[in-house]
Novice: 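Starting off with a structure, shown below.
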There are 2 protein chains.
Amino acid sequence: MRLLVLGAVRQHGRAHGYQVRNDLEFWGAHEWSTAKPGSIYHALKQLAKEGLLLAHEVAPSTAGGPPRVEYELTEAGEESFFALLRTALRAHDERIDVLTSAVGFIVDLPRAEAISLLKERVAALESWAEEVRTHWTPDSPPAEWGHIGEIMRLWTHQAESDAGWTRGLIERLENGAYVMAGEGEREVTVLPEGTGNPFS
Amino acid sequence: MRLLVLGAVRQHGRAHGYQVRNDLEFWGAHEWSTAKPGSIYHALKQLAKEGLLLAHEVAPSTAGGPPRVEYELTEAGEESFFALLRTALRAHDERIDVLTSAVGFIVDLPRAEAISLLKERVAALESWAEEVRTHWTPDSPPAEWGHIGEIMRLWTHQAESDAGWTRGLIERLENGAYVMAGEGEREVTVLPEGTGNPFS
DNA sequence: TCGGGATTAGTCAAGCTTGACTAATAGCCC
DNA sequence: GGGCTATTAGTCAAGCTTGACTAATCCCGA
């Protein structure tokens, strides 16, 4: 949530709640994350309270509706955004929605850093899978464990699959895919006009 | 949470909060789900309020500590447990912790039903992956989409991996693995004595 | 011109999660 | 036998999420 909201405000430079809300809806975020109006407005207020966002008092609406509050990232907000982004890409135990958000903002990092974070991710996933495997399969025959071993299988399977995807992304980045931070022309971050939203 | 708490109470027939809490801790649930004391006690109260659990008033503690409340599943609680369990196994979009809990309770279902639910799961995963793939890759060359396509890749990758794990489990169940509901002798549902908890 | 629907913008209560705290008794050590 | 700690059992405030609701203005058709 914080990552999403900070990222959305950041792309606009200055944004009010409804703008953020629309961006996130456009990204399909209400489908794969907890980005619903209540959460968004709550996050904005909370982030402002914590000094990560600066709230510019109620500007009169330019196009109907009640007055609105505009927000802008502070220095601390900028730092927090990148800290969240880095953690989300590096850690193996973040929720899938957090990872998804992070991938959405990955082009805000320099290429070398993104690659290095993703390599940390692969390492973390592998060592975690290995840890689960050794802890859950001691000397005893797995049969004794009963169906609980299936949970172990599920997790290691997931971790390996995730590592596979990550390796693929690393390779594409190493081959120069996408325009990353500091590489000139910024690409559009929204979908082309007229394209349907598949998450509905 | 509801699934976990109902399942834990159900295994004891009648249990108080601390027992549930200890079971879940033993299963490592505090690591892979939101099963922390606050949530557990909250869930117990909420479930009791909704008539899924019956609260037997404060019995004096047998071994130190404040008095405690004992809970027992009602008819509705029993139904709700199985409804949650079936949904968790069948649906492709449940969180990983919910799926994990469901796998932990899968032996409470008859073998044939479990297999059939898991087959529904595979079908749901495949059709969802296909949907994402077709919606996100129209005629236009993928390059135009920029890095957002990576999110699509992440999801389809995950769905395929999940389907793979599910197919494996189906196969093991079809080959007679584990003791399911209505198959005589119930196996132990907890870890053997002295085995360390790997989630720490 | 006026009334009703769409759009814009946000609030609110109820439920859930988190992490830190409280409280009661039992057992042990000196 | 008095105090210290471990265990047992649970509470609480603050934050987060959900789904339904409110409120102001614009626009279009009769």
Side-chain angles (χ1 to χ4, degrees), chain A residues 1-6 8-9 12 14-26 29-53 55-71 84 93 95 97-98 101, chain B residues 1-6 8-9 12 14-26 29-53 55-71 84 93 95 97-98 101:
Chain A
M1 233 335 45
R2 295 166 103 81
L3 179 58
L4 271 174
V5 168
L6 286 172
V9 172
H12 285 285
R14 181 192 258 241
H16 51 93
Y18 193 63
Q19 235 161 36
V20 172
R21 177 179 168 175
N22 272 7
D23 273 26
L24 298 192
E25 189 160 347
F26 191 61
H30 57 299
E31 294 291 330
W32 50 262
S33 77
T34 65
K36 279 138 187 169
S39 292
I40 295 167
Y41 289 108
H42 170 73
L44 285 168
K45 280 183 185 164
Q46 195 63 24
L47 290 169
K49 190 170 137 196
E50 292 172 20
L52 304 188
L53 288 179
H56 291 281
E57 261 325 312
V58 274
S61 171
T62 61
R68 57 205 197 184
V69 185
E70 294 198 322
Y71 296 92
L84 289 168
D93 55 355
R95 270 173 307 145
D97 57 331
V98 178
S101 314
Chain B
M1 222 357 23
R2 295 166 103 81
L3 180 58
L4 270 175
V5 168
L6 286 173
V9 172
H12 285 285
R14 181 192 257 240
H16 51 91
Y18 194 62
Q19 236 160 34
V20 172
R21 177 179 169 178
N22 272 6
D23 273 26
L24 299 192
E25 188 159 349
F26 191 61
H30 57 299
E31 293 292 330
W32 50 263
S33 77
T34 64
K36 279 137 187 171
S39 293
I40 295 167
Y41 288 108
H42 170 74
L44 285 168
K45 280 183 185 164
Q46 195 64 24
L47 290 168
K49 190 170 138 195
E50 292 172 21
L52 305 188
L53 288 179
H56 292 281
E57 262 323 314
V58 275
S61 170
T62 61
R68 58 207 196 181
V69 185
E70 293 199 321
Y71 296 93
L84 290 169
D93 54 355
R95 269 172 310 152
D97 58 330
V98 178
S101 314

Novice: W32(B) CH2 to dT17(C) P: how many Å, rounded?
Specialist: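 Atom CH2 in W32(B) sits about 13 Å away from atom P in dT17(C).
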Novice: Rounded to whole angstrom units, what separation is found between the CG atom of L52(B) and the P atom of dG15(C)?
Specialist: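 The distance from CG of L52(B) to P of dG15(C) comes to 13 Å, rounded to the nearest Å.
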Novice: How many Å lie between CD on E25(A) and P on dG10(C), as a whole number?
Specialist: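 It is 15 Å, rounded to the nearest whole Å.
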Novice: I'd like a table of atom pairs between the protein and nucleotides 18-21 of chain C - only N or O on both sides, under 3.5 Å - with the distance next to each one.
Specialist:
unit_1  : atom_1 : unit_2 : atom_2 : d
dT18(C) : OP2    : T34(B) : O      : 3.4

Novice: Distance check needed: dG10(D) P versus R68(B) CZ, whole Å only.
Specialist: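 Distance check: R68(B) CZ to dG10(D) P gives 8 Å.
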Novice: Let's see if you get this right: which residues in residues 41-49 of chain B place a heavy atom under 4.0 Å from DNA chain C?
Specialist: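 Heavy-atom cutoff 4.0 Å gives H42(B), Q46(B), K49(B).
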Novice: Please report, rounded to the nearest Å, how far the P atom of dA9(D) is from the CD atom of E70(B).
Specialist: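 Rounded to the whole Å, the gap is 10 Å.
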Novice: Identify all side-chain donor-acceptor contacts of residues 38-52 of chain B below 3.5 Å with residues at least two apart in sequence or on another chain.
Specialist:
unit_1 : atom_1 : unit_2 : atom_2 : d
S39(B) : OG     : T34(B) : O      : 3.2
Q46(B) : NE2    : E50(B) : OE2    : 3.3
E50(B) : OE1    : R2(B)  : NH2    : 2.2
E50(B) : OE2    : R2(B)  : NH2    : 3.1

Novice: For V9(A) and Y71(A), which heavy atoms make the closest approach, and how far apart are they?
Specialist: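 Heavy-atom minimum between the residues: CG1-O, 3.7 Å.
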Novice: For the CZ atom on R14(B), are there more than 12 heavy atoms of other groups (residues, nucleotides or ligands in this structure) within a distance under 6.0 Å?
Specialist: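 More than 12 within 6.0 Å, yes.
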Novice: Does V20(A) form a side-chain contact (heavy atoms from CB on, under 4.5 Å) with L4(A)? I'd like the steps, not just the answer.
Specialist: CA-CA 9 Å; V20(A) 172; L4(A) 271 174; over 6 Å; no
Novice: Atom CD of E70(A) and atom CD of Q19(A): how far apart are they, to the nearest 0.5 Å?
Specialist: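 Here the rounded value is 7.0 Å.
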Novice: In whole Å, what is the span from the CE atom of M1(B) to the P atom of dC16(D)?
Specialist: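 From M1(B) CE to dC16(D) P: 20 Å.
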Novice: With rounding to the nearest 0.5 angstrom, report the CH2 to CZ distance, W32(A) to R95(A).
Specialist: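 Answer for the CH2-CZ pair, W32(A) versus R95(A), is 11.0 Å.
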Novice: What is the minimum heavy-atom distance between A35(B) and H30(B), and which atoms define it?
Specialist: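 Shortest heavy-atom separation between A35(B) and H30(B) comes out as O-CB, 3.6 Å.
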Novice: With heavy-atom distances below 4.5 Å as the criterion, would you say the side chains of V98(B) and L84(B) are in contact?
Specialist: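 No, every pair of side-chain atoms sits at 4.5 Å or beyond.
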